[in-house]
Amino acid sequence: MITWKHIDNQQIEITYILSYRRDYNNAHECELYHLFNTEVTFGGGGKLACFKGCQNDSLADKSYYCTQFSVEDNWTYGQRAVNVTLPTTPDNIYQFQYSSAAWISLIGGGSVWSLLSTVNLSKRQDTGRINSSPSSSLPPFIQIKQGCFYSLIIPVEDADNDIIRCRWAIGDDECGDICNSLVNSELNKGTCVISYNATGELGLYAVALQIEDFATEQSDNPLSSVPLHQASEKKCITVYVTNSTNLCSENVDKFNTTWSITPEKTLTTVACTGEYTGNASKILHKSIQHLRTLTAKLLSGDSADILVSTILEELENVTKENNGLRSGDLLTSSYVLNDVAKYVAENKDKLTFDQLQIFGSLCDNLLDDSNHQSWEELNNEGSGGVTSLVNAVTEYNDAFNDVIDGKFSIIVEKENVGLTGYSSAFYRNISRLFPEYLLLNGKLQSFNGSYDVNSIIADFTIHGRSCSNFSLIIKFDHILGDYSRPFCGFWDFSAPNTVNGAWSSFGSRVVDATDSYTICEYNHTTNFAILMSPGKTPLSHQLPLSMISVIGCGVSILFLVITVVVHFVLWDYVANDRTKTLMNLCVALILSYVIFLAGITRTDNKVVCSVIAVALHYMFLTDFALMLAEGIHIVRMVVIIFPTRSIVYKLIPACWIVPAGIVGISASSTKLEGYGNQQFCWLTLESNLIWAFIGPALLVIMINFIIIILTVHKMMTTRGLAAKSLKEKSKIGLKSICVILPLFGVTWVLGAFSVNDDLVIFQYLFAIFNSLQGLFICVFHCFLNIQVKQGYRKYQKRRNANRMNSKLSTDSSNYDSNKRNNGSTIITEERNE
């Protein structure tokens, strides 16, 4: 792979990563002492050449530092970074190329390959900075089983957080003669996933890809383009199809599983991530580092005389005698256990029955409460936290299960962990030590306070050759009670763009849930736990609160419509500034309730959900703006008594325009991130975006609360009420507050108390008062409103008068008609006489 980043002016740093057959010309035999040794380089052969925009054809030779190797799989892997100063060109676009003709024999032929990387040093219009290229990481070989269907997830990342897409490399410049070599495969460009049906001939296949970053989802022109090559971060992925590996689950067809493939023998010697490279002060025990060297020799095959039991016993003794290990000690110990697990998986004759006891005691030491702070440090450093240890337990347990062959079980029960010889493990106290990442709908996201692990971690693995479908039912007791909205999660070690994986809900569902436990059903086995939202409504109250909200909103809509219709009919008698504001508020509340009921749970479509969240944000802000307008009208009447000028024609438009400005700024600055989540189409409560609603709402509530106090005080001190008794004053004051509160939105302050589950009564009060706001408005400002009553009487008098006039007009018309008719009869009779 060839990636790059801008350094200064026209200078960039180019990093290339490559892999060679280890025994090729005896020139690439990397050993342990070579790893990250900056004094020793291997000759890569060939040149990194300028393809476009440069005057110097050769930019750097292809020598490299060894960073990883495998004796068994016969490959050496390395990388190097070089600084290059580029000339100024009209478009500031450059391309670098590395090509050769030395591929290992491939199925389908082809040996000429080419890598082409495109650089643009122009400042971006959206960020004002020069772009950095995307990158990826994959091992030199991906081993998969013939006859299985795979989804190969290409891990990609970008320092600028741009949109990343993958495409097949095309043409001689990008892929030589190995283009489109992987038959029976399809590439999803947006997710960088290759769907592959491994039904072809056994052997090696080359895949040539280009990874490109884009400023937006709608962009068609990439900001840069980098090749994904044979090893680690690459243009060409070498997919090794063999009938001896066992990566394909026996139940893969039944589960329709999506696999993120990693090699069965990943890092069979020492990998660049296999050594702790953090602060040396965080490594306390040199003996742990020595054991790491021994396990590396085990994997390389150089020290077959080293006993696994001896390594485990020594590590168990070191970790048992401590009063709190450093983070480097914990991480290195995890690497030792992973090396041991990999080794015994390939050398099951090295396993003994007493090893499981030692292994369990060792894990118990590492998971002791005194080490939790150091585990948390690893999490904060992005080292994957406790997941490396959990992965080692899973692999070691699997190997042990193959040895005992299911004839009997061995149970190791410790304070912090419980292991069984039939591939099960239970962890008491590590729920908070996992990285807080969640894989939802193929996208990685941080918890951001939305979730916590609220159960023990349980690991199950079922062995056997049966392909029959099955499900796994697990009942989890909740660790804490003040949590809600559970979903069944498992730790996906192969989640892309992560160190050691992320939580996922793929292939699982909630069967039953109460305040104290959750029952989950899974269609696969791995490490399981329950993820729940903290500090939310208890499960037993969710349904009644939801029903109250739905019924209350429906009732509010009905009575708000009645209020609007009544005022429309009586408009000639009730029209004034306050009535105009009230009608606008009623219409805004109707729209708010309708959007809320129709769209708050439309989370299945992210775009639709974001639109609904934006609409709700705007309508709720408009509601509060109109509530503030009501307060302004009342305070004008109290202070000015008889205001001479109307402000309604300025006030009402402002109530609809200002919220649009707030929402527009919020949506554009966040690029709609935070509008909608997995539960509701509303502002994400854990993000700062929620303050774009809470801030204006609290300001309106505070102002209107002050207006209520001023209004009631003014009323109580008027001459008409000053002489009345305290009981009469209290009655009048209470009635006044009941009239004002539905218009001012002060009841929304109950929401501040409703977040505490110990005060669940406030959640009911909040749901009742706010969902029935329309009913209260109709009662106090329509049915009991004096002006409306007087207007109705005038309307009735007018109707009666119109009826009377209509009747008199009809009677008069009938009288004249009868008179004319009678006269004609008389004349006729006279004439007849």
Side-chain angles (χ1 to χ4, degrees), residues 245-247 249-251 262 264-267 295 298-299 307-309 311-313 315-316 319 330 333-367 384-431 433-434 455-466 470 472 474 476 489-494 500-501 522 524-529:
T245 58
N246 190 30
L247 286 179
S249 167
E250 297 289 349
N251 300 287
T262 56
E264 188 182 24
K265 309 184 186 79
T266 302
L267 311 184
T295 56
L298 271 180
L299 292 174
L307 297 178
V308 172
S309 297
I311 294 176
L312 293 178
E313 288 172 357
L315 187 58
E316 196 270 338
T319 56
L330 295 177
S333 298
S334 298
Y335 291 150
V336 171
L337 296 183
N338 273 279
D339 285 350
V340 167
K342 290 180 174 67
Y343 179 73
V344 298
E346 296 298 320
N347 302 273
K348 295 186 174 62
D349 57 315
K350 304 298 183 181
L351 278 167
T352 60
F353 289 111
D354 61 337
Q355 280 182 16
L356 190 65
Q357 290 284 349
I358 303 172
F359 197 93
S361 297
L362 174 54
C363 293
D364 186 60
N365 296 341
L366 295 175
L367 297 176
V386 78
T387 56
S388 180
L389 174 62
V390 173
N391 184 63
V393 172
T394 300
E395 290 193 12
Y396 187 86
N397 236 1
D398 287 351
F400 207 92
N401 177 77
D402 292 338
V403 172
I404 64 176
D405 199 25
K407 295 179 180 178
F408 59 92
S409 64
I410 299 176
I411 299 177
V412 178
E413 187 173 352
K414 300 295 180 179
E415 181 181 359
N416 302 308
V417 63
L419 308 177
T420 74
Y422 50 85
S423 295
S424 296
F426 304 90
Y427 304 90
R428 176 183 68 87
N429 58 353
I430 66 171
S431 302
L433 302 180
F434 277 69
S455 71
I456 66 165
I457 309 295
D459 174 23
F460 295 99
T461 302
I462 297 176
H463 291 258
R465 300 181 179 275
S466 172
F470 67 87
L472 180 67
I474 307 177
F476 291 98
F490 75 94
W491 187 257
D492 183 358
F493 285 100
S494 58
N500 277 325
Y522 298 90
H524 58 284
T525 57
T526 182
N527 291 276
F528 302 106

Item to complete: Name all residues meeting the side chain to side chain contact (heavy atoms under 4.5 Å, CB included) criterion together with Glu413; count only those two or more places apart in sequence or in a different chain, and write none if there are none.
Response: none
Worksheet entry | From OH (Tyr522) to CZ (Phe490), nearest 0.5 Å | 9.0 Å
Response to the item:
Taking every heavy atom of Val393 against every heavy atom of Ala425, the minimum-distance pair comes out as CG1-CB, 3.9 Å
Item to complete: May I ask you to decide if Ser388's main-chain N or O and Asn338's side chain share a donor-acceptor pair within less than 3.5 Å?
Response: yes
Worksheet item: Picking from Leu433, Asp459, Ile430, what satisfies side-chain contact (heavy atoms from CB on, under 4.5 Å) with Val390?
Response: Ile430
Worksheet item: Between Gln355 (side chain) and Leu312 (backbone), is there a donor-acceptor pair under 3.5 Å?
Response: no
Worksheet entry | Asp364: side chain to side chain donor-acceptor pair (under 3.5 Å) partners, not counting sequence neighbours | Asn416
Practice prompt. To the nearest 0.5 angstrom, please state how far the OG1 atom of Thr295 sits from the CD1 atom of Ile311.
Written response: 6.0 Å
Worksheet item: Between Ser455 and Phe476, what is the shortest heavy-atom contact and its length?
Response: OG-CD2, 3.5 Å
Worksheet item: Can any side-chain N or O of Asn347 pair as donor or acceptor with the backbone N or O of Asp349 at less than 3.5 Å?
Response: no
Practice prompt. Mind checking side chain to side chain contact (heavy atoms under 4.5 Å, CB included) for Gln357 and listing every partner two or more places apart, or none if nothing turns up?
Written response: Val412, Lys414
Fill in: Distance (rounded to the nearest 0.5 Å) between Leu389 CG and Cys363 SG
5.0 Å
Worksheet item: Considering all heavy atoms of both residues, which atom of Val308 and which atom of Lys350 are nearest to each other, and what is their separation?
Response: CG2-CB, 4.3 Å
Worksheet, complete the sentence: Residues Lys342 and Leu299: closest non-hydrogen pair is CB-CD2, 4.1 Å
Worksheet item: What pair of heavy atoms forms the shortest contact from Leu315 to Ser333, and how long is it?
Response: CD1-OG, 3.7 Å
Worksheet item: What's the shortest heavy-atom distance between Phe493 and Thr387, and which atoms?
Response: CE2-O, 3.4 Å
Worksheet item: Can you list the residues that meet the side chain to side chain donor-acceptor pair (under 3.5 Å) rule with Ser334, with sequence neighbours excluded?
Response: none
Worksheet entry | side chain to side chain contact (heavy atoms under 4.5 Å, CB included) between Tyr427 and Val386, intermediate numbers included | CA-CA 11 Å; Tyr427 304 90; Val386 78; over 6 Å; no
Worksheet entry | Parallel, tilted or perpendicular: rings of Phe359 and Tyr396 (30°, 60°) | parallel
Item to complete: Rounded to the nearest 0.5 Å, what's the gap from OG on Ser361 to CG on Leu356? Could you check?
Response: 9.5 Å
